[in-house]
J.: 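Sharing a structure here in C-alpha coordinates format.
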2 protein chains.
Amino acid sequence: MPDVKHFDPEAVLEQVERLFWQRGAATTGIAEVIAVTGLSRSSLYATYGGKQDLYVQALRRYVERRSEPMFETLASDGRGLPAVAAFFDTLIEARCTGEYARWGCMAANAHAGPGDPQVRGLLDHHHGRLRAAMREALEAAGDQLRPGLDLDAVAESLALLAYGVNVRSRAGADPESLHKGVAAALDALRPTRT
Amino acid sequence: MPDVKHFDPEAVLEQVERLFWQRGAATTGIAEVIAVTGLSRSSLYATYGGKQDLYVQALRRYVERRSEPMFETLASDGRGLPAVAAFFDTLIEARCTGEYARWGCMAANAHAGPGDPQVRGLLDHHHGRLRAAMREALEAAGDQLRPGLDLDAVAESLALLAYGVNVRSRAGADPESLHKGVAAALDALRPTRT
DNA sequence: TCTATCCTGGAACGAGCAGTCCAAGTTGAG
DNA sequence: CTCAACTTGGACTGCTCGTTCCAGGATAGA
(Lines give C-alpha, C1' and ligand atoms only; values in the text may rest on other atoms or scores of the structure.)
Protein backbone atom coordinates (compact mmCIF):
# COMPACT_ATOMS: atom_id res chain seq x y z
CA MET A 1 0.00 0.00 0.00
CA PRO A 2 1.88 3.05 -1.19
CA ASP A 3 0.34 5.43 1.29
CA VAL A 4 3.43 7.07 2.65
CA LYS A 5 3.05 10.80 3.15
CA HIS A 6 5.69 12.99 1.59
CA PHE A 7 5.97 15.14 4.70
CA ASP A 8 6.05 14.90 8.47
CA PRO A 9 2.58 15.74 9.80
CA GLU A 10 3.94 16.61 13.22
CA ALA A 11 6.57 19.00 11.91
CA VAL A 12 3.98 20.68 9.69
CA LEU A 13 1.60 20.99 12.62
CA GLU A 14 4.30 22.78 14.57
CA GLN A 15 4.72 25.31 11.77
CA VAL A 16 0.97 25.82 11.65
CA GLU A 17 0.84 26.19 15.42
CA ARG A 18 3.43 28.95 15.29
CA LEU A 19 1.58 30.72 12.50
CA PHE A 20 -1.77 30.69 14.32
CA TRP A 21 -0.08 31.53 17.62
CA GLN A 22 1.59 34.62 16.21
CA ARG A 23 -1.08 35.90 13.86
CA GLY A 24 -4.32 34.51 15.25
CA ALA A 25 -6.76 32.18 13.56
CA ALA A 26 -9.14 34.69 12.05
CA THR A 27 -6.46 36.81 10.40
CA THR A 28 -4.48 33.88 8.98
CA GLY A 29 -5.54 32.47 5.62
CA ILE A 30 -5.11 28.98 4.26
CA ALA A 31 -2.87 30.51 1.58
CA GLU A 32 -0.42 31.56 4.29
CA VAL A 33 -0.49 28.11 5.82
CA ILE A 34 0.35 26.63 2.43
CA ALA A 35 3.12 29.14 1.84
CA VAL A 36 4.73 28.48 5.21
CA THR A 37 4.41 24.70 5.27
CA GLY A 38 5.09 24.15 1.58
CA LEU A 39 2.48 21.47 1.16
CA SER A 40 -0.42 21.51 -1.23
CA ARG A 41 -4.05 22.21 -0.54
CA SER A 42 -4.96 18.56 -1.13
CA SER A 43 -2.51 17.19 1.37
CA LEU A 44 -3.46 19.80 3.91
CA TYR A 45 -7.20 19.11 3.72
CA ALA A 46 -6.71 15.35 3.51
CA THR A 47 -4.48 15.28 6.57
CA TYR A 48 -5.99 17.85 8.90
CA GLY A 49 -9.46 18.65 7.61
CA GLY A 50 -10.62 22.23 7.20
CA LYS A 51 -9.25 25.40 8.71
CA GLN A 52 -11.09 25.14 12.00
CA ASP A 53 -9.95 21.54 12.53
CA LEU A 54 -6.44 22.62 11.74
CA TYR A 55 -6.62 25.43 14.26
CA VAL A 56 -7.97 23.17 16.98
CA GLN A 57 -5.18 20.66 16.37
CA ALA A 58 -2.58 23.42 16.49
CA LEU A 59 -4.04 24.76 19.73
CA ARG A 60 -4.10 21.28 21.22
CA ARG A 61 -0.48 20.84 20.29
CA TYR A 62 0.34 24.16 21.95
CA VAL A 63 -1.40 23.19 25.16
CA GLU A 64 0.20 19.75 25.27
CA ARG A 65 3.69 20.53 24.05
CA ARG A 66 4.28 24.11 25.17
CA SER A 67 2.15 24.81 28.24
CA GLU A 68 2.07 21.39 29.83
CA PRO A 69 5.86 21.05 30.26
CA MET A 70 5.94 24.38 32.05
CA PHE A 71 3.10 23.29 34.29
CA GLU A 72 4.87 20.03 35.11
CA THR A 73 8.07 21.81 35.97
CA LEU A 74 6.12 24.14 38.22
CA ALA A 75 4.20 21.35 39.92
CA SER A 76 7.17 19.07 40.55
CA ASP A 77 9.77 21.66 41.50
CA GLY A 78 9.25 21.30 45.22
CA ARG A 79 10.90 24.53 46.30
CA GLY A 80 7.65 26.37 46.96
CA LEU A 81 7.54 30.10 46.28
CA PRO A 82 10.89 30.14 44.46
CA ALA A 83 9.38 27.68 42.00
CA VAL A 84 6.43 29.99 41.41
CA ALA A 85 8.78 32.93 40.99
CA ALA A 86 10.90 30.96 38.54
CA PHE A 87 7.79 30.04 36.58
CA PHE A 88 6.83 33.69 36.18
CA ASP A 89 10.41 34.72 35.40
CA THR A 90 10.59 32.15 32.62
CA LEU A 91 7.17 33.19 31.39
CA ILE A 92 7.99 36.87 31.20
CA GLU A 93 11.33 36.16 29.59
CA ALA A 94 9.72 33.99 26.93
CA ARG A 95 6.89 36.44 26.29
CA CYS A 96 9.02 39.57 25.98
CA THR A 97 12.28 38.47 24.36
CA GLY A 98 13.57 36.02 21.79
CA GLU A 99 11.77 34.20 19.03
CA TYR A 100 8.29 34.38 20.54
CA ALA A 101 8.38 37.92 21.86
CA ARG A 102 4.99 39.63 21.66
CA TRP A 103 3.24 36.46 20.56
CA GLY A 104 1.51 36.19 23.92
CA CYS A 105 0.14 32.81 24.96
CA MET A 106 -1.79 31.01 22.23
CA ALA A 107 -4.34 29.78 24.76
CA ALA A 108 -4.85 33.24 26.24
CA ASN A 109 -5.17 34.69 22.74
CA ALA A 110 -7.76 32.06 21.85
CA HIS A 111 -10.10 33.50 24.50
CA ALA A 112 -10.74 36.48 22.25
CA GLY A 113 -11.99 34.34 19.40
CA PRO A 114 -15.50 33.00 18.84
CA GLY A 115 -16.73 30.54 21.43
CA ASP A 116 -16.10 27.29 19.57
CA PRO A 117 -16.94 24.37 21.90
CA GLN A 118 -13.77 22.41 21.11
CA VAL A 119 -11.64 25.48 21.70
CA ARG A 120 -13.43 26.24 24.95
CA GLY A 121 -12.80 22.70 26.12
CA LEU A 122 -9.11 23.09 25.48
CA LEU A 123 -9.03 26.44 27.26
CA ASP A 124 -10.82 25.08 30.31
CA HIS A 125 -8.41 22.16 30.41
CA HIS A 126 -5.48 24.56 30.07
CA HIS A 127 -6.72 26.71 32.92
CA GLY A 128 -7.40 23.72 35.15
CA ARG A 129 -3.91 22.37 34.59
CA LEU A 130 -2.31 25.73 35.31
CA ARG A 131 -4.27 26.18 38.50
CA ALA A 132 -3.53 22.63 39.64
CA ALA A 133 0.19 23.06 39.00
CA MET A 134 0.15 26.35 40.88
CA ARG A 135 -1.63 24.69 43.77
CA GLU A 136 0.96 21.86 43.90
CA ALA A 137 3.78 24.37 43.94
CA LEU A 138 2.10 26.27 46.78
CA GLU A 139 1.63 23.12 48.81
CA ALA A 140 5.39 22.70 48.83
CA ALA A 141 5.85 26.23 50.14
CA GLY A 142 5.10 25.41 53.78
CA ASP A 143 6.04 28.25 56.08
CA GLN A 144 7.25 30.37 53.20
CA LEU A 145 3.60 31.40 53.16
CA ARG A 146 1.75 33.46 55.70
CA PRO A 147 -0.60 31.27 57.71
CA GLY A 148 -4.26 30.84 56.96
CA LEU A 149 -4.14 31.12 53.19
CA ASP A 150 -6.68 29.29 51.05
CA LEU A 151 -4.29 27.58 48.64
CA ASP A 152 -6.95 26.89 46.03
CA ALA A 153 -7.92 30.53 45.96
CA VAL A 154 -4.31 31.68 45.85
CA ALA A 155 -3.62 29.26 43.01
CA GLU A 156 -6.55 30.69 41.10
CA SER A 157 -5.36 34.24 41.67
CA LEU A 158 -1.85 33.40 40.44
CA ALA A 159 -3.28 31.65 37.39
CA LEU A 160 -5.31 34.75 36.58
CA LEU A 161 -2.18 36.83 37.09
CA ALA A 162 -0.41 34.68 34.50
CA TYR A 163 -3.16 35.44 31.99
CA GLY A 164 -2.61 39.12 32.67
CA VAL A 165 1.10 38.74 31.98
CA ASN A 166 0.38 36.85 28.77
CA VAL A 167 -2.15 39.37 27.54
CA ARG A 168 -0.14 42.48 28.27
CA SER A 169 3.08 41.04 26.89
CA ARG A 170 1.45 40.70 23.49
CA ALA A 171 0.98 44.46 23.42
CA GLY A 172 4.66 44.95 24.16
CA ALA A 173 4.39 45.59 27.89
CA ASP A 174 7.58 46.52 29.70
CA PRO A 175 9.00 43.30 31.19
CA GLU A 176 10.21 45.23 34.22
CA SER A 177 6.65 46.27 35.05
CA LEU A 178 5.51 42.68 34.70
CA HIS A 179 8.29 41.49 36.99
CA LYS A 180 7.38 44.14 39.53
CA GLY A 181 3.72 43.20 39.47
CA VAL A 182 4.45 39.52 39.89
CA ALA A 183 6.95 40.19 42.68
CA ALA A 184 4.35 42.26 44.54
CA ALA A 185 1.79 39.48 44.27
CA LEU A 186 4.25 36.89 45.57
CA ASP A 187 5.62 39.13 48.32
CA ALA A 188 2.13 39.57 49.68
CA LEU A 189 1.92 35.83 50.22
CA ARG A 190 4.94 35.73 52.49
CA PRO A 191 4.68 36.01 56.28
CA THR A 192 5.24 39.46 57.70
CA ARG A 193 8.88 39.86 58.60
CA THR A 194 9.32 39.80 62.36
CA MET B 1 -26.46 73.88 3.67
CA PRO B 2 -28.57 70.76 3.94
CA ASP B 3 -25.97 68.58 5.46
CA VAL B 4 -27.88 67.07 8.32
CA LYS B 5 -27.22 63.39 8.81
CA HIS B 6 -30.23 61.13 8.94
CA PHE B 7 -28.87 59.26 11.95
CA ASP B 8 -27.08 59.83 15.22
CA PRO B 9 -23.39 59.02 14.69
CA GLU B 10 -22.85 58.48 18.39
CA ALA B 11 -25.71 56.03 18.77
CA VAL B 12 -24.54 54.13 15.71
CA LEU B 13 -21.02 54.01 17.08
CA GLU B 14 -22.34 52.43 20.25
CA GLN B 15 -24.03 49.68 18.26
CA VAL B 16 -20.82 49.09 16.32
CA GLU B 17 -18.85 49.02 19.55
CA ARG B 18 -21.08 46.33 20.96
CA LEU B 19 -20.81 44.28 17.78
CA PHE B 20 -17.00 44.40 17.70
CA TRP B 21 -16.84 43.87 21.45
CA GLN B 22 -18.88 40.71 21.32
CA ARG B 23 -17.69 39.15 18.09
CA GLY B 24 -14.23 40.60 17.57
CA ALA B 25 -13.01 42.72 14.70
CA ALA B 26 -11.63 40.03 12.42
CA THR B 27 -14.73 37.86 12.49
CA THR B 28 -17.22 40.68 11.98
CA GLY B 29 -18.00 41.77 8.43
CA ILE B 30 -19.12 45.16 7.20
CA ALA B 31 -22.36 43.47 6.12
CA GLU B 32 -23.12 42.70 9.76
CA VAL B 33 -22.38 46.25 10.77
CA ILE B 34 -24.83 47.47 8.15
CA ALA B 35 -27.47 44.97 9.20
CA VAL B 36 -27.21 45.96 12.87
CA THR B 37 -26.98 49.71 12.45
CA GLY B 38 -29.43 49.96 9.57
CA LEU B 39 -27.44 52.55 7.68
CA SER B 40 -26.11 52.25 4.19
CA ARG B 41 -22.60 51.55 3.04
CA SER B 42 -22.22 55.10 1.76
CA SER B 43 -23.12 56.72 5.04
CA LEU B 44 -20.94 54.31 6.96
CA TYR B 45 -17.83 54.88 4.88
CA ALA B 46 -18.46 58.63 4.61
CA THR B 47 -18.85 59.01 8.36
CA TYR B 48 -16.34 56.62 9.84
CA GLY B 49 -13.95 55.63 7.07
CA GLY B 50 -13.06 51.98 6.45
CA LYS B 51 -13.42 48.99 8.71
CA GLN B 52 -10.19 49.49 10.62
CA ASP B 53 -11.00 53.15 11.33
CA LEU B 54 -14.42 52.09 12.47
CA TYR B 55 -12.95 49.49 14.80
CA VAL B 56 -10.48 51.97 16.28
CA GLN B 57 -13.26 54.47 16.93
CA ALA B 58 -15.39 51.79 18.54
CA LEU B 59 -12.50 50.70 20.74
CA ARG B 60 -11.79 54.31 21.70
CA ARG B 61 -15.41 54.75 22.64
CA TYR B 62 -15.23 51.61 24.76
CA VAL B 63 -12.16 52.82 26.61
CA GLU B 64 -13.57 56.30 27.18
CA ARG B 65 -17.19 55.49 27.90
CA ARG B 66 -17.07 52.04 29.48
CA SER B 67 -13.70 51.56 31.15
CA GLU B 68 -12.93 55.11 32.17
CA PRO B 69 -16.01 55.59 34.39
CA MET B 70 -15.14 52.42 36.27
CA PHE B 71 -11.58 53.66 36.71
CA GLU B 72 -12.78 57.02 38.00
CA THR B 73 -15.11 55.38 40.49
CA LEU B 74 -12.26 53.21 41.68
CA ALA B 75 -9.81 56.10 41.96
CA SER B 76 -12.13 58.50 43.76
CA ASP B 77 -13.87 56.08 46.08
CA GLY B 78 -11.60 56.75 49.02
CA ARG B 79 -12.42 53.67 51.05
CA GLY B 80 -9.23 51.80 50.18
CA LEU B 81 -9.38 48.04 49.89
CA PRO B 82 -13.20 47.90 49.95
CA ALA B 83 -13.16 50.10 46.87
CA VAL B 84 -10.82 47.68 45.12
CA ALA B 85 -12.99 44.76 46.18
CA ALA B 86 -16.09 46.55 44.92
CA PHE B 87 -14.38 47.22 41.61
CA PHE B 88 -13.67 43.54 41.13
CA ASP B 89 -17.14 42.53 42.30
CA THR B 90 -18.72 44.84 39.75
CA LEU B 91 -16.32 43.62 37.09
CA ILE B 92 -17.05 39.93 37.67
CA GLU B 93 -20.77 40.59 37.87
CA ALA B 94 -20.72 42.47 34.56
CA ARG B 95 -18.52 39.91 32.84
CA CYS B 96 -20.45 36.82 33.89
CA THR B 97 -24.10 37.85 34.00
CA GLY B 98 -26.52 40.08 32.18
CA GLU B 99 -26.36 41.63 28.77
CA TYR B 100 -22.60 41.50 28.36
CA ALA B 101 -21.96 38.08 29.87
CA ARG B 102 -19.06 36.29 28.17
CA TRP B 103 -18.15 39.30 26.07
CA GLY B 104 -15.00 39.83 28.10
CA CYS B 105 -13.37 43.25 28.03
CA MET B 106 -13.08 44.75 24.56
CA ALA B 107 -9.63 46.14 25.38
CA ALA B 108 -8.39 42.81 26.71
CA ASN B 109 -9.79 41.05 23.66
CA ALA B 110 -8.05 43.53 21.39
CA HIS B 111 -4.68 42.29 22.64
CA ALA B 112 -5.15 39.09 20.64
CA GLY B 113 -5.52 40.95 17.36
CA PRO B 114 -2.78 42.16 15.04
CA GLY B 115 -0.49 44.82 16.45
CA ASP B 116 -2.02 47.89 14.86
CA PRO B 117 -0.23 50.99 16.21
CA GLN B 118 -3.42 52.95 16.92
CA VAL B 119 -4.90 49.99 18.75
CA ARG B 120 -1.73 49.47 20.74
CA GLY B 121 -1.77 53.12 21.76
CA LEU B 122 -5.30 52.75 23.07
CA LEU B 123 -4.41 49.58 24.94
CA ASP B 124 -1.38 51.17 26.57
CA HIS B 125 -3.50 54.13 27.59
CA HIS B 126 -6.15 51.80 28.96
CA HIS B 127 -3.63 49.88 31.00
CA GLY B 128 -2.00 53.03 32.32
CA ARG B 129 -5.33 54.41 33.44
CA LEU B 130 -6.31 51.17 35.14
CA ARG B 131 -3.01 50.97 36.98
CA ALA B 132 -3.19 54.61 38.02
CA ALA B 133 -6.73 54.21 39.34
CA MET B 134 -5.72 51.12 41.24
CA ARG B 135 -2.78 52.98 42.72
CA GLU B 136 -5.01 55.86 43.84
CA ALA B 137 -7.39 53.44 45.49
CA LEU B 138 -4.50 51.76 47.29
CA GLU B 139 -3.16 55.08 48.54
CA ALA B 140 -6.43 55.57 50.37
CA ALA B 141 -6.10 52.20 52.04
CA GLY B 142 -3.70 53.33 54.74
CA ASP B 143 -3.28 50.71 57.44
CA GLN B 144 -5.71 48.38 55.75
CA LEU B 145 -2.53 47.27 54.00
CA ARG B 146 0.37 45.41 55.50
CA PRO B 147 3.34 47.71 55.86
CA GLY B 148 6.16 47.99 53.39
CA LEU B 149 4.20 47.36 50.21
CA ASP B 150 5.31 48.93 46.93
CA LEU B 151 2.01 50.48 45.88
CA ASP B 152 3.02 50.86 42.24
CA ALA B 153 3.93 47.21 42.05
CA VAL B 154 0.75 46.14 43.83
CA ALA B 155 -1.31 48.31 41.49
CA GLU B 156 0.34 46.64 38.51
CA SER B 157 -0.33 43.19 39.92
CA LEU B 158 -4.01 44.00 40.51
CA ALA B 159 -4.31 45.43 37.01
CA LEU B 160 -2.86 42.22 35.58
CA LEU B 161 -5.29 40.27 37.74
CA ALA B 162 -8.16 42.23 36.19
CA TYR B 163 -6.98 41.17 32.73
CA GLY B 164 -7.03 37.59 33.91
CA VAL B 165 -10.61 37.99 35.11
CA ASN B 166 -11.62 39.56 31.82
CA VAL B 167 -9.95 36.89 29.71
CA ARG B 168 -11.27 33.91 31.63
CA SER B 169 -14.79 35.30 31.90
CA ARG B 170 -15.05 35.29 28.11
CA ALA B 171 -14.60 31.53 28.15
CA GLY B 172 -17.41 31.21 30.66
CA ALA B 173 -15.32 30.89 33.80
CA ASP B 174 -17.19 30.19 37.03
CA PRO B 175 -17.77 33.57 38.74
CA GLU B 176 -17.28 31.96 42.13
CA SER B 177 -13.76 30.91 41.18
CA LEU B 178 -13.02 34.42 39.99
CA HIS B 179 -14.35 35.88 43.24
CA LYS B 180 -12.24 33.45 45.22
CA GLY B 181 -9.11 34.29 43.28
CA VAL B 182 -9.62 38.01 43.68
CA ALA B 183 -10.39 37.65 47.38
CA ALA B 184 -7.18 35.70 47.90
CA ALA B 185 -5.14 38.38 46.16
CA LEU B 186 -6.71 41.13 48.26
CA ASP B 187 -6.50 39.19 51.52
CA ALA B 188 -2.79 38.78 51.01
CA LEU B 189 -2.42 42.56 51.04
CA ARG B 190 -3.92 42.93 54.49
CA PRO B 191 -1.85 42.96 57.66
CA THR B 192 -1.56 39.70 59.52
CA ARG B 193 -4.29 39.47 62.11
CA THR B 194 -2.85 39.90 65.60
C1' DT C 1 5.85 -5.86 -15.38
C1' DC C 2 1.35 -4.95 -14.22
C1' DT C 3 -2.01 -3.14 -11.25
C1' DA C 4 -4.41 -1.25 -7.51
C1' DT C 5 -3.96 2.32 -4.22
C1' DC C 6 -3.03 6.51 -2.43
C1' DC C 7 -0.79 10.95 -2.34
C1' DT C 8 0.19 15.27 -4.72
C1' DG C 9 -0.15 19.53 -7.49
C1' DG C 10 -2.85 22.87 -9.21
C1' DA C 11 -6.90 24.43 -11.53
C1' DA C 12 -11.48 25.74 -10.59
C1' DC C 13 -15.57 27.30 -7.81
C1' DG C 14 -18.95 29.84 -5.41
C1' DA C 15 -19.42 32.66 -1.62
C1' DG C 16 -18.29 36.53 0.88
C1' DC C 17 -15.21 40.26 1.62
C1' DA C 18 -13.99 45.48 1.91
C1' DG C 19 -14.49 49.29 -0.65
C1' DT C 20 -16.16 52.51 -4.72
C1' DC C 21 -19.36 55.04 -7.29
C1' DC C 22 -23.31 57.40 -9.01
C1' DA C 23 -28.08 58.56 -9.76
C1' DA C 24 -31.82 59.98 -6.95
C1' DG C 25 -33.62 62.31 -3.05
C1' DT C 26 -33.70 65.99 0.33
C1' DT C 27 -33.16 70.42 2.24
C1' DG C 28 -31.82 75.21 3.33
C1' DA C 29 -30.37 79.60 1.01
C1' DG C 30 -31.33 83.19 -2.28
C1' DC D 1 -39.25 78.55 -7.34
C1' DT D 2 -34.51 77.48 -8.34
C1' DC D 3 -30.30 75.94 -7.34
C1' DA D 4 -26.39 74.16 -5.11
C1' DA D 5 -24.71 71.19 -1.49
C1' DC D 6 -24.93 67.09 0.77
C1' DT D 7 -26.69 62.56 2.20
C1' DT D 8 -28.51 58.24 0.90
C1' DG D 9 -29.55 53.58 -1.16
C1' DG D 10 -27.83 50.07 -3.56
C1' DA D 11 -25.66 48.27 -7.60
C1' DC D 12 -21.15 47.11 -8.75
C1' DT D 13 -16.07 45.84 -8.67
C1' DG D 14 -12.17 43.27 -7.94
C1' DC D 15 -10.27 40.46 -4.78
C1' DT D 16 -9.55 36.87 -1.32
C1' DC D 17 -11.51 33.38 1.20
C1' DG D 18 -12.16 28.25 2.35
C1' DT D 19 -13.13 24.28 -0.04
C1' DT D 20 -13.62 20.73 -3.79
C1' DC D 21 -12.14 18.03 -7.46
C1' DC D 22 -9.53 15.48 -10.72
C1' DA D 23 -5.73 14.07 -13.66
C1' DG D 24 -1.15 12.51 -13.07
C1' DG D 25 2.70 10.47 -10.55
C1' DA D 26 4.72 7.45 -7.29
C1' DT D 27 4.95 3.03 -5.01
C1' DA D 28 4.47 -1.65 -2.98
C1' DG D 29 2.60 -6.23 -3.74
C1' DA D 30 1.57 -10.02 -7.09
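Reminder, nothing fancy here: chain letters follow the sequence lines and each chain counts from 1.
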J.: Classify the nucleic acid contact of Thr28(B) as base, sugar-phosphate or nothing, counting any heavy atom under 4.0 Å across all strands shown.
T.: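 Result for Thr28(B) = sugar-phosphate.
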J.: For Tyr48(A) and dT20(D), what is the distance between atoms OH and C1' respectively, to the nearest whole Å?
T.: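 Answer to the nearest Å: 19 Å.
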J.: Just wondering, do Val12(B) and Val16(B) contact through their side chains at under 4.5 Å, heavy atoms?
T.: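 Side-chain contact under 4.5 Å: yes.
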J.: Would you say the ring centers of His179(A) and Phe88(A) fall short of 6.0 Å from each other?
T.: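 No, ring centres 6.0 Å or more apart.
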J.: Can you find a heavy atom in the side chain of Leu158(A) that is under 4.5 Å from one in the side chain of Leu186(A)?
T.: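 When only atoms from C-beta onward are counted, Leu186(A) and Leu158(A) do touch, with a gap below 4.5 Å.
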J.: Would you tell me if any nitrogen or oxygen in the side chain of Ser40(B) comes within less than 4.0 Å of OP1 or OP2 on dG9(D)?
T.: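 Looking at the OP1 and OP2 atoms of dG9(D), one of them is under 4.0 Å from a side-chain N or O of Ser40(B).
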J.: Aromatic rings Tyr48(A) and Phe7(A): how do their planes relate, parallel, tilted or perpendicular, breaks at 30° and 60°?
T.: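 The rings of Tyr48(A) and Phe7(A) sit tilted, inter-plane angle from 30° to 60°.
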J.: In this structure, how many angstroms lie between the P atom of dT19(D) and the CD atom of Gln52(A), rounded?
T.: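 Spelled out: CD on Gln52(A) to P on dT19(D) is 9 Å.
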J.: Does Arg41(B) make a side-chain donor-acceptor contact with the base of dT8(D), cut-off 3.5 Å?
T.: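 By the distance-only test, no, there is no pair.
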J.: Does dT8(C) have OP1 or OP2 sitting under 4.0 Å from an N or O in the side chain of Ser43(A)?
T.: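 Yes, such a contact exists.
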J.: Taking for each residue the nucleotide of DNA chain D with the nearest heavy atom, is it Ala26(A) or Ser42(A) whose nucleotide lies nearer the 5' end?
T.: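 Looking at the nearest nucleotide for each, Ala26(A) comes out on the 5' side.
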J.: Counting only side-chain heavy atoms from C-beta out, which of dT19(D), dA18(C), dT8(D) sits nearest to Tyr45(B)?
T.: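 It is dA18(C).
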